[in-house]
Amino acid sequence: PPKGKGPQGKRITLKVAKNSVRVAFNGRRRLDLSKMGIATFPKCILELADVEELDLSRNMLKKIPNIIEKFQNLMWLDLHSNQLDELPAAIGTLRSLTYLNLCNNKLKCLPEELTLLRNLRTLNLGLNCLETIPTTLGTLRELTELGLFDNALTIIPKSVKKLPKLEKLNVKRNPLPEFAEEEEPIDTVKRIESLYLVEKKDLCGSCLQTCQGERDELHKLEDMTPGPSNKPTFPSLVTPNSSARDNQEEWRMK
């Protein structure tokens, strides 16, 4: 790579890109450039800007340039698992988008223009570095799925929580105050619907054996108390296989 520049990644030619176009069952054409080792947005794909779906996931992209606005037919855009730390304002021009996956990147903030994507139904922003999300995200009234998991969010705007068509909202693993309040101790007792008591004499041999085995396991669990005292010690095994070394002649004889 030229001096002062990071890894260039794999260069995508127009021929490679054309061979990567697939027609889906729904008739849409998808340009699939996932897992190609791309570090820079390939400008040659502007020749294919009329596709309805674009998959650039699992690459090394750090930036999406404003020329993304040329892809005006896009309904589906997958950018998950890249190195993106920001989105271009031009993302807001892709008004036909219904699906946008930005999961597993390095996004710290979102452009206000994201809220212009009024047809979005699925938006995945999980596994990023977001500390806030704009309240105007509440204008995306067609959203049915919103992923905000594994970020640094301390508040979810009410406008987002009250989105009229929202069916799935994943906010897990964020430092949200409501999570701190809702944490309950994990119930280790498995609940059972019905309990039947029978005498030993009514059980066949294999069933009796199973029950006794289960009971013994239960007693073992009850007797176990966590602590360093229960850790097994092997004083003779100071070095790996020291005991084995002492006895290897004897084993060979056998």
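Being a predicted model, the structure only gives us computed values, none of them experimental.
Under a hydrophobic clustering in which Ile, Leu, Val, Met, Phe, Trp and Tyr are joined whenever their side-chain heavy atoms come within less than 4.5 Å, directly or via other members, Leu125 and Ile68 fall into the same cluster. There is no path of hydrophobic side-chain contacts, each under 4.5 Å, that joins Leu102 to Leu127. When hydrophobic clusters are built by joining Ile, Leu, Val, Met, Phe, Trp and Tyr residues whose side-chain heavy atoms come closer than 4.5 Å, directly or via intermediates, Trp76 is not grouped with Leu54.
Residues Leu84 and Leu107 are in side-chain contact: their nearest non-hydrogen atoms beyond the backbone lie under 4.5 Å apart. Contact annotation: the side chain of Lys108 never approaches that of Asp85 to less than 4.5 Å [non-hydrogen atoms, C-beta and beyond].
Under a 3.5 Å cut-off, the side chain of Asn59 and the backbone N or O of Met36 do form a donor-acceptor pair. Without hydrogens or angle criteria, Asn26 side chain to Arg28 main chain gives a donor-acceptor distance under 3.5 Å.
For the residue pair Lys106 / Gln83, a side-chain donor-acceptor distance below 3.5 Å is found, with atom types taken as modelled.
Leu61 and Asn82 make their closest contact through N-OD1, 3.0 Å (heavy atoms, listed as atom of the first residue, atom of the second, distance). In terms of heavy-atom proximity, Cys44 sits nearest to Leu14 at O-CD1, 3.5 Å. Counting all heavy atoms, side chain and backbone alike, Pro175 lies closest to Asn151 at CD-O, 3.8 Å. Looking at every heavy atom in both residues, Leu94 comes nearest to Leu74 through CD1-CD1, 4.3 Å.
Salt-bridge check for Lys63 with Glu86: passed, with a basic side-chain N closer than 4.0 Å to an acidic carboxylate O. Between Lys165 and Glu142, at least one side-chain N (NZ, or NE/NH1/NH2) sits under 4.0 Å from a carboxylate O, which counts as a salt bridge. Under the 4.0 Å criterion applied to side-chain N and carboxylate O atoms, Asp150 and Arg173 are assigned as salt-bridge partners.
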Intermediate values then yes/no, side chain to side chain donor-acceptor pair (under 3.5 Å), Thr136 and Glu112:
CA-CA 8 Å; Thr136 47; Glu112 283 289 335; 2.9 Å; yes
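Surrounding CZ of Arg118 are more than 12 heavy atoms belonging to other residues, nucleotides or ligands, all under 6.0 Å away. Residue Arg121 qualifies as open at atom CZ: its count of foreign heavy atoms under 6.0 Å is 12 or below.
The ring pair (Phe, Tyr, Trp, His ring centres under 6.0 Å) test applied to Phe149 returns no partner, not counting sequence neighbours.
Ring pair Phe71/Phe41 is perpendicular by interplanar angle, where above 60° counts as perpendicular and below 30° as parallel.
Expressed to the nearest 0.5 Å, how far CD1 of Ile38 lies from CG of Leu33 amounts to 4.5 Å.
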